[in-house]
Trainee: 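Quick one: the structure is below, questions incoming.
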Amino acid sequence: MAREEVYKRLNKVFQEVFDDEYITLSDNTTADDIEDWDSLEHINLVVAIEDEFVLHFDMKEVAQFKNVGDMVDAILARG
Amino acid sequence: MNEYKFEELSLEQQESFEYMVTEKKMSLFTELSGDNNPLHVAEQFAQHYGHDRGRVVYGMLTASLISTLGGMYLPGKYCLIQQVNIKFLAPVYIGDVLTVTGTIKNLYKSVKRAEILVEIKNHQMVKVVKAKLNVGFLE
């Protein structure tokens, strides 16, 4: 899967989770950039990403996500 | 009270319990919520609007059984309710005996979340509530 395709699908996931169609992600996007991105929404986000890409992160990995770029890397690492 | 931890749960695992709606529970909920809408407190009003069996039980009283399911049965002691999506499918009346059933539909290990399908049926086996309950776990 190409990085652009991951971004396209991930953007959609973020827009749905945060109910905000104007979200545009980049590698450097963090929780500071999205107003409603709190600990509960983070869980919702991880679950929505796992469902969208049909994969499972491990707990340690999720704790180490510093920004969206890390998430995209983790998705791509699974092919 | 059950004491399931995340690691002890499995897909399709199920728990259920029964609950009878009484006059007293309705009165307590009226007091607790401050909702004096006539559909819930006035027999004739409810009947006038097509509810032959009288006052309609508060949807939120029925919904509170989702809290009971999570906090007491599935998973029980270590439950942390994070999200509930609920549909009210049919009215509940005083005297109804409800069966609340929770079934584990998804387990997200990375964030320790269990997704539970909740169905509440009355004693005539009519489904009155369908909900999705997302719970986390106290560490």
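Chain identifiers are assigned alphabetically (A, B, ...) following the order of the sequence lines, protein sequences preceding nucleic acid strands; residue numbering begins at 1 within each chain.
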Trainee: Quick one, B/T30 and B/N36 - any side-chain contact, counting heavy atoms below 4.5 Å?
Mentor: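 Result yes, sub-4.5 Å side-chain heavy-atom pair found.
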Trainee: Do A/E50 and B/S110 get their side chains close enough for a donor-acceptor pair, meaning under 3.5 Å?
Mentor: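 Yes, side-chain donor-acceptor contact under 3.5 Å.
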Trainee: Are the aromatic rings of B/Y108 and A/F57 close, with centres under 6.0 Å apart?
Mentor: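 Between A/F57 and B/Y108, which both carry aromatic rings, the centre distance is not below 6.0 Å.
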Trainee: With a 3.5 Å distance limit and no angle check, can you tell me whether A/N11 reaches the backbone of A/L25 through a side-chain donor-acceptor pair?
Mentor: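 Side chain of A/N11 to backbone of A/L25: a pair is present.
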Trainee: Determine, for A/E4 against A/K8, whether the closest basic-nitrogen to carboxylate-oxygen distance falls under 4.0 angstrom.
Mentor: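 Salt bridge: no.
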Trainee: What part of A/V47 lies closer than 4.5 angstrom to a heavy atom of chain B: side chain, backbone, both or neither?
Mentor: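 The answer is both parts of A/V47.
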Trainee: Is A/E61 reaching over with its side chain to a backbone N or O of A/D58, donor-acceptor style, under 3.5 angstrom?
Mentor: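 Such a contact is found between A/E61 side chain and A/D58 backbone.
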Trainee: Decide yes or no for A/T30 and A/V68: does some side-chain heavy atom of the first lie under 4.5 Å from some side-chain heavy atom of the second?
Mentor: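 No, too far: nothing below the 4.5 Å cut-off.
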Trainee: For residues B/F137 and B/K5, report the shortest heavy-atom separation together with the two atoms involved.
Mentor: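 Nearest heavy atoms, B/F137 then B/K5: CE2-C, 4.1 Å.
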Trainee: Flag yes if B/V135 and B/M1 sit in one hydrophobic cluster, no otherwise; membership is Ile, Leu, Val, Met, Phe, Trp, Tyr, and two members link when side-chain heavy atoms are under 4.5 Å apart.
Mentor: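 Result: yes, single cluster for both.
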Trainee: So which residues of residues 112-122 of chain B are in contact with chain A at a heavy-atom cut-off of under 4.5 Å?
Mentor: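 At a heavy-atom separation under 4.5 Å, chain A is reached by B/K112, B/R113.
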Trainee: Where along residues 54-89 of chain B does a heavy atom come under 4.5 Å of chain A, listed by residue number?
Mentor: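 Within residues 54-89 of chain B, the residues that come under 4.5 Å of chain A (heavy atoms only) are B/Q82, B/Q83.
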Trainee: Among the clusters formed by ILVMFWY side chains lying less than 4.5 Å apart, do B/V21 and B/V126 turn up in the same one?
Mentor: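 Different clusters: B/V21 never reaches B/V126 through Ile, Leu, Val, Met, Phe, Trp or Tyr contacts under 4.5 Å.
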